[in-house]
Amino acid sequence: MSNPRTSILKLRRRTFLAGAAASLVLAGRSFADAPVRGGTVVALAHPGEPNVLTSAVVQTGQVQSVSSKIFDGLITFGDNFEIKPELATKWTTSEDGKELRFDLRPGVRWHDGTPFTSADVKFTFESVWMKIHPRARATFAAVDVVETPDPLTVVFKLRNPSGVILGALNGLESTILPKHLYENTDIQTNPYNIKPVGTGPFRFKEWVRGDRIVLERNPDYWDAGKPYLDQVIYRVIPDATARYAAFESGAVQYGTLTPISLSDLGLAQKSDTLDVDFHGYEWLASAIVADFNVRRPPFNDVRVRRAVAHAIDLKAFVRVTTRGLAKPGTSPVLSTQTKFYAGEGLPEYTFDRAVADQLLDEAGYPKKPDGTRFATTIDWLPFGETFQRFAEFARQAFKAVGIEATIRNQDLPQFFRRVYSENDFDFTISHRAGLGDPQIGIDRVIWSKAILKDIPWSNGSGYSSPEMDKLIEAAHVAPNEDKRVELYKQIQVLAQRDIPTFTLAENKQFTVSSKKLRGLGTGSISVYDSLKDAWLEA
Amino acid sequence: MTTDSERDELPTDISIRVPNIVLRIFRSWRKFPLSLHIGLLILLFQLAVALLANTLYPQDPFELVGMPFMAPGEDPLFPLGTDILGRDIAAGVVHGSRVSLLVGFAATLIATIVGTTIGLVSGYFGGWVDHALMRLTELFQVIPHFLFAIILVSIMGADLSNIILAIGLTSWSMVARLARAETLALRELDFVKISVVMGGGHLRAILTHVLPNALPPVIVSASILTALAVLTEAGLAFFGMSDSNHVSWGSMIGASRDALLTAPYMTLIPGAAIVVAVMGFSLIGDGLGQILRRGHRI
Amino acid sequence: MTIEPVLRVRNLAIAVPGDRHPVDAVCGVDLDVAKGETLAIVGESGCGKSLTALALAGLLPDGVRISGGTVEILGHDVAGKSEHAWRALRGDRISMIFQDPMSALNPVLTIGDQIVEAIRAHRPIGKREVFSEGVELLHRVKLQTPHEYMAAYPHQLSGGMRQRVLIAMAIANRPDILIADEPTTALDATVQADILSLLDELKRETGMALVLITHDLSLVSRWADRIMVMYAGKAVEARKAKSLLGEASHPYTRALLAARPQRRPDTGQRPRLAEIRGRVPSPQEKGDGCSFANRCDFVMSRCRAISPQAVHVSDGRVWCHAVDEQQARHSGALA
Amino acid sequence: MGARIAQMVPTLFLLLLAAFTLLHLAPGDAAQVLAGESGGGDTTYLANLRSRFGLDQPIYVQFMLYARNVLSGDLGFSFRNNMNVVDLIGARLLPTLLLTGSAMAVAVAFGMTAGALAAAHAGKWQDRLISGIALLIYATPGFLLGIGLMILFGVTLPWLPIGGFVASQGIDSGFEYALSVAKHLVLPVVTLGALYAAIYTRFTRGAMLEIYVQDHVRTARAKGLAASRIILRHVMRNASLPLITVIGLQAGSLLSGAILVETVFAWPGLGRLAFEAVQQRDYNLLAGLVLTTGTLVVLINLCVDLLYAVLDPRVTLR
């Protein structure tokens with residue numbers, strides 16, 4: 001096992017140095033930690049090629065990765081979800097919490113030279129977010145009207161105070177489009193979706209389908225002197241082994257969203273030329289979850305659900321299936337969302353097969369002579385092989401307590417159809433993004449009003465509890481943030497008690513980059529860093 | 001020439017010709033081409049392994065029995081090492097032989113039955129039936145088979161029977177063409193015509209006269225199809241289309257291929273099993289083909 | 001024999017692959033063919049006559065080889081010669097034409113190409129010359145409009161025409177020996193005579209020796225000077241044509257002559273020699289005795305035990321115990 | 001000739017119908033996939049997407065509309081990719097043709113040479129060796145071969161790029177571009193070509209052995225021709241005819257092989273696009289791809305027929 005590793009490593013170093021020397025055109029001498037202007041970074045388009053290049057239209061990870069270099073948001077996140085200015089230099093909330101006012105940065109121009117104004121924000125809010133965004137109608141439910149008293153001021157008038165709006169106005173969740181290019185057009189088929197015009201540090205140059213997306217330095221960027229890099233090129237590498245080989249050989253220097261397989265992570269961490277970074281995923285943080293179909297037996301019985309929770313050894317689960325990377329789950333709210341996470345006081349499900357057996361007996365599923373209790377199915381989210389492994393682990397755990405599970409393999413469209421349209425499943429292994437705020441991330445899976453036919457990531461379990469609904473609806477109109485946090489802690493406890501969705505583990509994603517690539521962002525959302533501070537070491 | 005003289009002899013009694021071939025094959029085991037010997041040996045070995053799987057490894061091959069990522073030889077308990085989840089690779093390979101062979105045989109059976117039926121009917125009846133069936137055959141020939149299989153598995157879901165069905169349904173066109181060509185040649189022979197005139201009916205004529213004679217080349221192509229089916233199963237697994245409820249060599253590769261750099265043995269061991277199996281079936285096909293050609297010459 | 005033969009074969013044996021080890025499919029064959037002479041080798045299918053013919057031209061198939069005896073062409077033994085040495089002889093000193101003219105020409109090359117390469121394989125001459133020589137050859141084998149034939153492909157020609165082309169190729173380098181293996185079997189009856197008379201004419205013109213392999217005794221009667229009858233890989237009777245046809249000694253020859261079929265009036269084709277009961281034994285089946293014993297009407301106990309030796313008769317030799325006995329009695333009576 | 005083309009029309013129509021129907025039978029739709037990948041959505045969002053994708057129309061209406069567009073040369077719009085299908089396929093066609101064409105050329109060159117060598121030494125060690133290697137390559141799953149080559153030549157011995165179509169940077173001239181494409185082409189072509197080289201080796205060997213024993217080769221030998229001339233002019237030339245037929249028959253399977261190779265080597269071709277289209281239920285794109293690949297196969301077969309007619313004087317095109 002160690003032989004191939006060392007041999008590859010030794011060779012790789014030489015390769016990378018040679019490649020870097022040949023390919024990097026450096027302007028001027030480099031100093032230890034002073035940013036150097038120039039150079040091209042080849043980044044990985046992952047988990048696949050984007051279909052458009054603006055996250056105003058499509059919000060997949062691969063779109064957001066590229067879009068974040070081209071588009072700024074009104075605000076952005078620093079560490080610990082600290083909100084920082086971007087296109088807005090300043091924001092103020094009125095006393096009653098019903099007015100949110102933004103001062104826009106002066107002198108910002110779109111990549112085509114047109115000035116960026118409050119009209120662009122208002123237009124995008126009305127014609128894009130509220131029309132075609134998957135979540136904006138829920139997020140901005142409290143917004144009554146957006147006003148633009150002058151070109152550099154935007155005012156959100158609210159029906160009631162809402163804690164979720166400000167953070168959602170980051171450039172990924174709420175991407176602003178240029179009004180002059182989108183007004184009176186079909187937003188979704190607008191040609192600028194694939195040759196975007198933004199205000200960000202990099203502007204679109206070319207897109208060779210299936211091969212590369214080339215972004216070049218925006219010389220008129222408002223943050224003078226930035227960015228440092230001349231070009232960012234996104235390449236698509238579908239095969240996992242090939243992706244690692246690309247990092248090894250220096251062909252690719254930057255990849256986010258777990259760009260290499262977990263098996264290769266160890267190689268990357270030991271590498272002399274690669275950095276692995278787990279930060280910047282706080283906003284995106286996701287959990288590996290098991291959803292029960294509570295509409296029908298056997299999982300309509302909470303005892304059966306709890307039995308399953310006791311039957312799966314989460315410590316072994318994360319050790320074996322994620323190579324110890326993930327953390328056993330304790331709550332639907334991720335522990336990284338420190339503000340909302342309930343911590344102590346949450347019902348715990350320790351790994352104990354005896355308890356599981358007992359619960360199953362009580363629920364009326366005794367062991368039959370052949371040692372089985374009942375048969376069920378496991379559907380797993382086809383987001384790569386890891387989820388299949390989760391399912392295979394779960395099946396063996398089920399088997400140990402007498403539950404015979406058949407794993408159903410299907411592709412993504414079939415999975416969505418089965419779980420969210422037909423609700424024809426028993427148990428799924430899936431994932432759930434935290435999306436920064438439980439109101440966006442968690443409500444949708446435990447609120448009865450989120451039982452929506454056809455909608456992926458909605459309340460597929462069919463869990464409906466008046467007690468839960470009351471808590472959720474109270475949180476939506478909480479007069480202040482403390483009250484909202486308190487309510488979400490109660491929600492977690494209840495969710496964990498009823499356990500319609502069982503959080504198996506807190507997933508950990510990571511970024512792989514060349515050690516030569518410096519100045520990468522560090523904020524809670526830096527997985528989608530704009531690279532404006534990034535530079536290449538000589 | 002010799003073939004003429006053989007044809008001349010056909011009308012007397014055709015139905016005993018096939019048993020004759022079978023007899024001849026068994027009688028002349030020693031005269032088999034080397035390739036057939038090796039191929040059959042490989043196949044027999046694999047069949048034996050498949051049959052003995054439960055005896056050799058009575059435990060569920062999916063059971064997480066050890067530490068993940070143990071290299072072959074690291075622990076005498078797991079001579080071929082353990083996989084990403086800590087499953088015994090040796091047990092997987094042994095149990096996997098069942099499913100891989102099953103996929104190979106079953107998909108081939110489907111392709112052969114569909115292909116032969118279409119080929120026979122098309123060649124025997126001719127006219128618009130032939131025309132329509134040949135357009136259909138062309139359709140299946142024109143779509144890239146693997147893409148077609150991917151589409152079918154996507155639609156039906158990746159469980160074992162669907163994978164078999166998809167492979168079978170996308171690979172029959174070659175058989176249909178072969179069977180049709182043989183049938184066209186046979187149809188014109190007197191004994192087939194006589195059989196129909198004598199009131200035997202078309203079905204009877206097809207089954208008793210045409211089918212047995214069209215069969216030998218179909219059997220040769222079947223062994224090639226089996227080899228291809230095993231490879232296709234692995235290819236589908238590479239794209240994540242395998243059934244997690246049945247361990248097969250393809251599914252083992254699918255499960256381990258992202259660890260190829262760290263633990264190449266996880267992929268290479270089932271890969272080697274596939275290579276050996278495919279070589280076995282190809283050798284059998286080669287050997288049978290040689291016998292068939294030789295049979296025509298003697 | 002007054003003239004030194006151009007082809008002289010002694011005790012030729014040819015081995016073919018058997019079940020366990022090679023077996024001799026032909027053995028003990030002696031031949032002498034002189035310049036300008038026509039020798040016919042006659043026998044049923046499988047008697048070894050074609051193998052003998054192929055051996056004379058060094059064209060035995062893979063796995064089949066000369067296992068004994070000598071083959072002298074123009075006084076040089078070539079039996080064990082390398083393929084390279086054979087190549088220089090073939091098409092030059094010794095030529096051969098085959099049974100099926102339909103398949104003996106390469107279907108994707110023009111007649112001209114194939115004739116020209118036959119000439120150039122042995123004589124490096126210029127393009128124009130070689131072409132006109134090709135035309136001349138086609139003319140000699142009596143193909144009208146030879147220029148057109150030069151550009152034609154084999155499939156555009158009838159069987160008889162193709163055989164003429166093959167003959168043209170065979171005589172391109174004025175060989176000393178021409179071996180014709182069943183040259184007319186695959187052709188229409190009317191064409192058969194034309195081809196044979198063409199061969200006879202060419203033989204007279206060039207003085208080459210002609211070895212005619214056939215199963216058809218009636219053909220032989222007209223064209224051959226001498227005849228050798230083969231059975232199961234051995235010569236059974238070898239005599240001048242006239243005496244063989246007149247007073248055949250071997251029971252097999254007599255049976256062949258008796259079975260000599262009449263042409264079917266409708267098609268003009270001759271049926272095969274189906275009238276002799278039984279079949280030719282395969283090389284493996286041969287025992288110690290006379291190979292013909294099983295089918296012979298005059299079989300004696302000795303026939304099954306001992307292989308007969310050559311008996312000299314008028315104008316040739318016969319291999320038969322019965323003839324031997326007869327002769328012995330006859331000579332005994334004389335003494 | 002015209003008749004043959006006319007004969008292909010119903011096949012292509014069936015092809016179109018089959019692709020369209022099969023995909024619509026598939027559970028799940030493009031809108032839902034996009035919604036899922038975008039992290040969720042609400043009912044309005046999904047309804048919007050569906051009506052945009054035309055998924056709210058009855059299936060036969062969708063097909064009629066589609067068929068009409070195809071006849072006018074319009075393969076529709078890929079909503080998933082925000083691009084016309086024709087443009088999308090057009091951009092990926094060249095790389096695929098380059099890959100499959102080069103692979104085919106390499107396979108034919110290697111296969112015929114190796115097959116001829118094996119046939120010339122039939123039964124000897126050269127034959128055993130060549131046939132053995134061919135069998136081994138044939139039996140190796142293409143992706144294993146590809147990844148193996150990539151690790152060896154792209155990582156361990158960093159001689160060749162590990163994937164992609166052309167270098168990301170440092171391309172200043174047309175020549176450098178061509179050179180870079182050629183370098184990137186090597187491994188995919190070897191991977192894809194190896195399988196077919198193995199097949200053609202086996203086939204050429206068989207065909208040559210069969211032709212060796214034919215009468216006209218004996219005639220050639222009887223003429224006293226040199227061995228090399230016999231092999232090249234009388235055996236190889238004739239053996240190339242059935243080989244051409246086989247090459248034509250395998251045009252479809254070559255495109256299949258391209259799916260795997262393009263995935264391993266990140267080659268921006270049609271195969272990968274097709275796989276993605278299936279996964280995303282991009283009906284218009286997939287139907288367009290099936291139609292394109294099908295037409296390609298038909299065209300290749302037509303070319304093969306033409307070539308056959310040129311090489312074999314017995315064949316005339318009807």
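Below, chains carry the letters A, B, ... as their sequence lines are ordered, and counting in each starts from 1.
Interface check for chain A: of the options D:R272, D:Q280, D:Q279, the most heavy-atom pairs under 4.5 Å are formed by D:R272. Contact count against chain A (heavy-atom pairs under 4.5 Å) is highest for D:V166 among D:I147, D:V166, D:L88. Among D:P95, D:G163, D:A167, the residue with the largest count of heavy-atom pairs under 4.5 Å with chain A is D:A167.
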Checking A:Q414 against D:R281 for the side-chain contact (heavy atoms from CB on, under 4.5 Å) test, could you report, in this order, the C-alpha distance in whole Å, the side-chain angles of both residues, the deciding distance, and whether it holds? CA-CA 10 Å; A:Q414 275 182 311; D:R281 299 293 191 270; 3.7 Å; yes
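Interface remark: D:I162 contributes side-chain atoms only to the contact with chain A (heavy atom separation under 4.5 Å). Heavy atoms of D:F265 lying under 4.5 Å from chain A are absent altogether. Contact annotation for A:R209: both backbone and side-chain heavy atoms come within less than 4.5 Å of a heavy atom of chain D.
Nearest heavy atoms, D:M150 versus A:A242: CE-CA, 3.4 Å. Pairing each heavy atom of D:G154 with each of A:S249, the nearest pair is O-CB, 4.0 Å. Smallest separation of non-hydrogen atoms from A:D211 and D:F165: OD1-N, 3.4 Å. What you find for A:T241 and D:I151 is that their closest heavy atoms are CG2-CD1, 4.2 Å.
Among residues 44-54 of chain A, the residues having any heavy atom closer than 4.5 Å to a heavy atom of chain D are, in sequence order, A:E49, A:N51, A:V52.
Residues that satisfy the side chain to side chain donor-acceptor pair (under 3.5 Å) test with A:T185, not counting sequence neighbours, are A:N190. Residues passing the side chain to side chain donor-acceptor pair (under 3.5 Å) test with A:Y528 are A:Q64, sequence neighbours excluded.
Other residues, nucleotides and ligands contribute only 12 or fewer heavy atoms inside 6.0 Å of the NZ atom of D:K183.
Contacts classified as side chain to side chain donor-acceptor pair (under 3.5 Å) and involving residues 83-102 of chain D (residues at least two apart or in different chains) are given here: D:T96-D:E262.
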